[in-house]
Amino acid sequence: MTSQPLRIGNFSGFYGDRSDALREMLAGGDLDVLTGDYLAELTMLILARDRLKDPSAGYARTFLRQMEDTLGLAHEKGVRIVTNAGGLNPAGLAQAVREVADRLGIPLRVAHVEGDDLTARHPGSLAAHAYLGGFGIAECLRAGADVVVTGRVTDAALVTGPAAAHFGWKPSDHDRLAGAVVAGHVLECGTQATGGNYAFFTERDPRELRRPGFPLAEIHPDGSSVVTKHPGTGGFVDVGTVTAQLLYETGGARYAGPDVTARLDTATLTQDGPDRVRIEGVRGEAPPPTLKVGRNRLGGFRNEVVFVLTGLDIEAKAALVREQMGDALAVSPPADVRWDLARTDKPDADTEETASALLRLVVRDPDQQKVGRVLSGAAIELALASYPGFHVVAPPGKGSPYGVFEDVYVPHGDADHVAVLHDGRRITVDPPQDTAALDDVPEPQLPQPLPPGRTARVPLGRVVGARSGDKGGNANVGVWARTEDAWRWLAHELTVERFREMVPEARDLPVTRHPLPNLRALNFVVEGILGEGVAAQARFDPQAKALGEWLRSRHADIPEVLL
């Protein structure tokens, strides 16, 4: 076991991220490993549809272009690359990387990890993939791989695998693995850890945020880490940016994965110098007895029309067109019909656009005919027979297929986790020996509330930050305070009931609040707010990316001592 820290960076947070980030990270400073995260719930559906057209597809083709540009530099600097860009076809991408290396004359050892694909066991799915852990990656690296390609692994596994290989960690090293999981979660979304999408961005020089650098972590043998970035790159790393990313797409205090369950409530963050945040104290527990499997299937067909309502009598115009369209849809009603009126109009507006509201009609049905030309024809036929100023944003189409994402859980043994080494040898990765059910943690002790005093009614975001995201049909909203006094107020003010008042969409939905005192944060999970997931596009913001910013914009009676 080495005592030298592992310097591991990130060059991609999603399929479509900045293409030259891999070269930037290689050229910007010393690294041992670079990781690229390409897979999201929606990405798996996109890749599955690619594979329907071409059985040899199913992986992130942009990664190959990045490899052609940087393989020589990576080889020269001795930086290993680990990526889940293999998607639905990790063996195919691994072979394609070998072909690129051969063409460039670069000696390269490429390995891959497989066994996540459980589609055959889930009839009706376009893709069903288990979230594997990092020990298959570790086996590949221990055998000397320069590039490791995976399919669906957890995002944090891209970091836990290299760390386990570097330090010689065993599956029973729960605390160390949990520390790496937390570091991996901070790195996985790239520039979100270096000032991207940050609630308090207005406090920084705009030039600093034009092109944030990608993050890296110095991981130590005990699992602690320091999150930083290459010198001279844009953006910034502070306790706030790291806190925001820790809260992103997580739930309670227990952050479960296939290798370990990390206790987010034990993590402590300290500023360790400019652009350096130390993460330590993370405790780990045995992983749960089951693996998460993400299933993507076709849910049917959808269509939409956006009517533009301008000027006076917005509500009456909306009511008229709803009645007219209701008559047309009643002949062969779609299974799901949803209307949303966005009052983007302003009184006495000085442009036509700012005088207009948008009325959105979305229909879904298993039968394409019910959402296709029947809807399109009914909307267009109203062009001269409806409200004054009638027009639509774009002509409605014939209806398009939409996907549904579902979580299911299976025993670890259902996935044949295999590391396929660069020389063709196959090493089976055994399921964890110890597992533990995911029980709720005891409610933590909250700080004493602030004493009564004068308040001002201002936006919540004046004193707290937030970051939100999606997990299937659920959304999470992490809210954190930057001072102890603000935390004393937030912990008692933002109850579940108050959250529902401020986010009316959540009033009739299950909402769970998870306090995380070490982070001065509350994490809210709202079940079902995203319907059947991002691919179904059930709401205006289908991935809940801006749900936290909406919450921050709501007004509250905030103590003046905090302002």
**Request:** Anything under 30° is parallel, anything over 60° is perpendicular, the rest tilted; go ahead and classify F63 against F11.
**Result:** parallel

**Request:** Please name the pair of heavy atoms, one in I81 and one in M67, separated by the smallest distance, quoted to 0.1 Å.
**Result:** CD1-CE, 3.4 Å

**Request:** Run the salt-bridge test on R211 and E24 with the 4.0 Å N-O cut-off and return the result as yes or no.
**Result:** yes

**Prompt:** V306 versus L359: any side-chain heavy-atom pair under 4.5 Å?
**Reply:** no

**Request:** State whether E549 and R552 are salt-bridged, where the test is any N-O pair (Lys NZ or Arg NE/NH1/NH2 against Asp/Glu carboxylate O) under 4.0 Å.
**Result:** yes

**Prompt:** Strictly by modelled atom types, are R295 and S125 linked by a side-chain donor-acceptor pair under 3.5 Å?
**Reply:** yes

**Prompt:** Between L22 and S12, is a side chain to side chain contact (heavy atoms under 4.5 Å, CB included) present by the stated rule, with each step listed?
**Reply:** CA-CA 8 Å; L22 179 50; S12 175; over 6 Å; no

**Asked** Are M502 and L494 close enough that some pair of their side-chain heavy atoms sits under 4.5 Å apart?
**Response** yes

**Prompt:** Would you say L264 and V182 make side-chain contact, with heavy atoms under 4.5 Å?
**Reply:** yes

**Asked** Does atom CG of D54 have more than 12 heavy-atom neighbours from other groups under 6.0 Å away?
**Response** yes

**Prompt:** Can you find a pair of side-chain heavy atoms, one from I137 and one from L132, that are under 4.5 Å apart?
**Reply:** no

**Request:** Check for a donor-acceptor pair, side chain of T310 on one end and backbone N or O of S356 on the other, with a separation under 3.5 Å.
**Result:** no

**Asked** With sequence neighbours excluded, what pairs up with D345 under the salt bridge (Lys or Arg N to Asp or Glu O under 4.0 Å) test?
**Response** R343

**Prompt:** Should the heavy atoms of other residues, nucleotides or ligands under 6.0 Å from CD of E505 be counted, would the total exceed 12?
**Reply:** yes

**Request:** Test K292 against T154 for side chain to side chain contact (heavy atoms under 4.5 Å, CB included), laying out the working first.
**Result:** CA-CA 10 Å; K292 176 181 173 180; T154 64; over 6 Å; no

**Item:** R513, CZ atom: more than 12 neighbouring heavy atoms under 6.0 Å
**Value:** yes

**Item:** Spacing of Q95 atom CD and L93 atom CG [to the nearest 0.5 Å]
**Value:** 10.5 Å

**Message:** Under a 4.0 Å threshold between the charged nitrogen and the carboxylate oxygen, would R498 count as salt-bridged to E501?
**Reply:** yes

**Prompt:** Among side-chain atoms of D37 and N10, is any donor-acceptor pair under 3.5 angstrom?
**Reply:** no

**Message:** Once side-chain hydrogen bond (donor to acceptor under 3.5 Å, both in side chains) is applied, do any residues pair with E527, and if so which ones, sequence neighbours excluded?
**Reply:** none

**Item:** Atom pair NE2/CG of H112 and N89 - distance to nearest 0.5 Å
**Value:** 8.5 Å

**Message:** Could you check whether any side-chain heavy atom of L309 comes within less than 4.5 Å of a side-chain heavy atom of L341, counting everything from C-beta outward?
**Reply:** yes

**Asked** Can you pull the ring pair (Phe, Tyr, Trp, His ring centres under 6.0 Å) pairs that have at least one residue in residues 531-552, sequence neighbours excluded?
**Response** none

**Request:** Could you go through the side chain to side chain contact (heavy atoms under 4.5 Å, CB included) check for T119 and H129 one step at a time?
**Result:** CA-CA 7 Å; T119 307; H129 289 255; 3.9 Å; yes

**Message:** Test your reading of the model: is there a side-chain donor-acceptor pair from T83 to the backbone of G36, 3.5 Å cut-off?
**Reply:** yes

**Message:** Checking the side chain of T35 only, and the main-chain atoms of G9 only, is there a donor and an acceptor separated by less than 3.5 Å?
**Reply:** yes

**Fill in**
dist T250:OG1 -> N523:CG (nearest 0.5 Å) comes out at 4.5 Å

**Fill in**
Minimal heavy-atom distance between D259 and L177, with the atoms involved, is O-CD1, 4.4 Å

**Request:** Indicate yes or no for a side-chain donor-acceptor contact from R98 to the backbone of V110 under 3.5 Å, with no hydrogens or angles considered.
**Result:** yes

**Message:** For P289 versus H412, what's the shortest heavy-atom pair and its separation?
**Reply:** O-CD2, 3.3 Å

**Message:** Taking side chain to side chain donor-acceptor pair (under 3.5 Å) as the cut-off, I'd like each qualifying pair that reaches into residues 465-475, sequence neighbours left out, listed once.
**Reply:** Q245-R467

**Item:** Contact check, side chains of V362 and D336, non-hydrogen atoms, under 4.5 Å
**Value:** no

**Complete:** Rounded to the nearest 0.5 Å, the CZ atom of F214 sits from the CG atom of L34 at a distance of 10.5 Å

**Prompt:** Given L382 and M325, is the side chain to side chain contact (heavy atoms under 4.5 Å, CB included) satisfied, shown in steps?
**Reply:** CA-CA 9 Å; L382 293 179; M325 288 299 297; 3.7 Å; yes

**Item:** R254 vs V441 side-chain heavy atoms within contact, under 4.5 Å
**Value:** yes

**Request:** List the atom of A262, the atom of V181, and the distance in Å for their closest heavy-atom pair.
**Result:** CB-CG1, 4.1 Å

**Cation-pi geometry met for R61 and Y59 (6.0 Å, 45°)** = yes

**Prompt:** Is a side-chain N or O of Q66 found less than 3.5 angstrom from the main chain of S19, in a donor-acceptor match?
**Reply:** yes

**Message:** Any non-hydrogen side-chain atom of L516 less than 4.5 Å from a side-chain atom of L247?
**Reply:** yes

Could you tabulate the donor-acceptor pairs under 3.5 Å formed by side-chain atoms of residues 392-408, not counting sequence neighbours?
{"from": "Y402", "atom 1": "OH", "to": "G299", "atom 2": "O", "distance (Å)": "3.1"}
{"from": "E406", "atom 1": "OE2", "to": "R297", "atom 2": "NE", "distance (Å)": "3.2"}
{"from": "E406", "atom 1": "OE2", "to": "R297", "atom 2": "NH2", "distance (Å)": "3.1"}

**Fill in**
Heavy-atom nearest pair, C140 first then V113, reads SG-CG2, 4.1 Å

**Request:** Enter the distance from L291:CG to R152:CZ here, rounded to the nearest 0.5 Å.
**Result:** 13.0 Å

**Over all atoms of both residues, closest heavy-atom pair of L530 and D541** = CD2-O, 4.0 Å

**Prompt:** Got a sec: does the CG of D508 have more than 12 other heavy atoms crowding it under 6.0 Å?
**Reply:** no

**Item:** Residues which pass salt bridge (Lys or Arg N to Asp or Glu O under 4.0 Å) with R507, listed by chain and number, not counting sequence neighbours
**Value:** none

**Candidates I380, L375, V321 - the one meeting side chain to side chain contact (heavy atoms under 4.5 Å, CB included) with V305** = L375

**Prompt:** Could you state the interatomic distance from CG (L547) to CG (L551), rounded to the nearest 0.5 Å?
**Reply:** 7.0 Å

**Asked** Short question: side chain of D416, backbone of G115 - any donor-acceptor pair under 3.5 Å?
**Response** no

